[in-house]
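First the structure, in the form of structure tokens, and then the observations on it.
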Amino acid sequence: MAANALMSCGMAAAAVRPSVLSSSKSRFAASIPMATSGGATTSRFTMSAEWMPGEPRPPYLDGSAPGDFGFDPLGLGEVPANLERYKESELIHCRWAMLAVPGILVPEALGLGNWVKAQEWAALPGGQATYLGNPVPWGTLPTILAIEFLAIAFVEQQRSMEKDPEKKKYPGGAFDPLGYSKDPKKLQELKVKEIKNGRLALLAFVGFCIQQTAYPGTGPLENLATHLADPWHNNIGDVLIPK
């Protein structure tokens with residue numbers, strides 16, 4: 001009898017342990033029922049957000065969206081319509097940031113100037129835009145602003161006509177020339193990679209802006225080189241600590 005009782009307890013513990021250790025993952029249920037001696041069940045373990053161990057995961061963030069780690073400390077996504085809009089806006093901003101960051105780094109790495117000085121022409125009366133040292137056709141500021149306004153307005157109007165939220169974010173077709181979306185499993189993996197890299201690009205661009213504010217007129221690579229040349233003196237403390 002004692003041996004059978006011990007064996008039963010061991011089997012029960014083995015069955016419970018994996019669920020307990022995995023309760024922080026989004027793919028599991030919000031709570032795990034635990035049997036008591038009276039036959040009733042209680043919920044001792046709740047699903048926690050993956051971005052902060054022990055932090056409760058909001059019920060509206062179930063982990064189904066790409067890159068969903070339960071991060072919403074301000075509760076901005078409590079309204080379903082707002083949550084869907086925030087997902088779309090984040091993805092669009094991520095894509096812009098992933099274009100902007102290489103666009104800032106590559107010209108400076110090639111010795112073609114930094115991104116701050118590249119826009120100085122716009123402040124000059126009759127200034128002419130250049131690209132890689134060559135004048136841009138219709139390169140005056142009013143003309144460029146008008147072209148950008150019309151182009152972006154057309155694209156956004158076409159995108160707003162799409163009623164399927166997933167197609168608005170992932171249209172496929174001409175935007176998937178290599179056919180990555182044909183494999184659903186591969187597509188889901190690429191969605192997660194895109195949002196992760198996009199968030200890194202957003203942080204990088206914010207860092208570029210802060211760096212340029214601290215050291216006006218310098219690009220990120222120039223600033224990095226200055227820091228590496230004398231890291232003990234050229235660092236954030238040089239800006240924050242008054243001399």
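The analysis underlying the following values was restricted to heavy atoms, covering all of them including side chains, and did not include hydrogens, waters or symmetry mates. The shown structure was predicted, so the numbers you read here are calculated from the model rather than taken from an experiment.
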Quiz item: Hey, what do you get for CD1 (Ile104) to CG (Leu99), rounding to the nearest 0.5 Å?
Solution: 11.0 Å
Self-check item: Between CG on residue Leu61 and CG on residue Leu83, distance to nearest 0.5 Å
Solution: 6.0 Å
Self-check item: ILVMFWY cluster, Leu178 and Leu190 together (side-chain gap under 4.5 Å)
Solution: yes
Quiz item: Does a side-chain N-to-carboxylate-O contact under 4.0 Å join Lys87 and Glu90?
Solution: no
Self-check item: Residues Tyr86, Leu76; criterion side chain to side chain contact (heavy atoms under 4.5 Å, CB included); working and verdict
Solution: CA-CA 9 Å; Tyr86 289 144; Leu76 300 177; 3.8 Å; yes
Quiz item: If you measure from NZ on Lys168 to CD on Glu162, what distance do you get to the nearest 0.5 Å?
Solution: 8.0 Å
Quiz item: Would you say Asn223's side chain and Gly219's backbone share a donor-acceptor pair under 3.5 angstrom?
Solution: no
Quiz prompt | Residue pairs, two or more places apart or on separate chains, that pass side chain to side chain donor-acceptor pair (under 3.5 Å) and touch residues 137-150 | solution = Thr140-Thr143
Quiz item: Quick one: CZ on Phe71 to CZ on Arg57, what's the gap to the nearest 0.5 Å?
Solution: 12.5 Å
Quiz item: Other hydrophobic cluster members with Ile195, side-chain heavy atoms of Ile/Leu/Val/Met/Phe/Trp/Tyr under 4.5 Å, chained?
Solution: Leu91, Tyr170
Quiz prompt | Expected output: side-chain Asp176 to main-chain Ser181 donor-acceptor under 3.5 Å | solution = yes
Exercise. Looking only at non-hydrogen atoms, find the nearest pair between Pro165 and Glu84 and report the distance.
Key: CB-OE2, 3.4 Å
Self-check item: Atom pair CH2 (Trp96) and CD1 (Ile92), whose distance is rounded to the nearest 0.5 Å
Solution: 9.5 Å
Practice problem: Check for a donor-acceptor pair, side chain of Asp72 on one end and backbone N or O of Gly77 on the other, with a separation under 3.5 Å. | Solution: yes
Self-check item: Lys193 bridged to Glu189 by N-O distance under 4.0 Å
Solution: yes
Exercise. Mark yes when over 12 heavy atoms from residues, nucleotides or ligands other than Tyr60 sit less than 6.0 Å from its OH; otherwise mark no.
Key: yes
Quiz item: Are Leu105 and Val116 connected in the hydrophobic side-chain network, where two residues link if heavy atoms are under 4.5 Å apart?
Solution: yes
Self-check item: Distance-only side-chain donor-acceptor flag, Thr218 / Gln212, under 3.5 Å
Solution: no
Quiz item: With sequence neighbours left out, which residue pairs that include part of residues 188-220 fulfil the ring-ring contact (aromatic ring centres under 6.0 Å, His included) condition?
Solution: Trp115-Phe205
Exercise. Check the pair Arg199, Leu203 against side chain to side chain contact (heavy atoms under 4.5 Å, CB included), reporting the backbone distance first and the verdict last.
Key: CA-CA 6 Å; Arg199 288 167 178 169; Leu203 288 175; 5.8 Å; no
Quiz item: Hey, are Lys191 and Glu166 close enough for a salt bridge, meaning a charged N less than 4.0 Å from a carboxylate O?
Solution: yes
Quiz item: Atom CG of Asp62 and atom CG of Asp68: how far apart are they, to the nearest 0.5 Å?
Solution: 6.5 Å
Quiz prompt | Which atom of Val101 lies closest to which atom of Ala204, heavy atoms considered | solution = CG2-CB, 4.1 Å
Quiz prompt | Asn234 and Thr226: side chain donor to acceptor below 3.5 Å | solution = no
Quiz prompt | Co-members of the apolar cluster containing Leu228 [side chain, <4.5 Å] | solution = Leu224
Self-check item: Cationic N near anionic O, under 4.0 Å, Lys169 to Glu194
Solution: no
Practice problem: State plainly whether one hydrophobic cluster holds both Met98 and Tyr180, where clusters connect Ile, Leu, Val, Met, Phe, Trp and Tyr through side-chain heavy atoms under 4.5 angstrom apart. | Solution: no
Exercise. Can you sort out the partners of Leu200 under side-chain contact (heavy atoms from CB on, under 4.5 Å), two or more places apart, ordered by chain and number?
Key: none
Quiz item: Which atom names give the shortest non-hydrogen contact between Ala229 and Pro231, and what distance separates them?
Solution: C-CD, 3.9 Å
Exercise. Please name the pair of heavy atoms, one in Asn114 and one in Gly217, separated by the smallest distance, quoted to 0.1 Å.
Key: ND2-O, 3.1 Å
Quiz item: Of the non-hydrogen atoms in Pro220 and Glu108, which two are nearest, and what is the gap between them?
Solution: CD-OE1, 3.2 Å
Quiz item: More than 12 heavy atoms of other residues, nucleotides or ligands under 6.0 Å from NE2 of His93: is that the case?
Solution: no
Quiz prompt | Minimum heavy-atom distance between Gln188 and Ser64, given as atom pair plus value | solution = NE2-O, 4.2 Å
Self-check item: Transitive ILVMFWY cluster of Val192, excluding itself - 4.5 Å side-chain cut-off
Solution: none
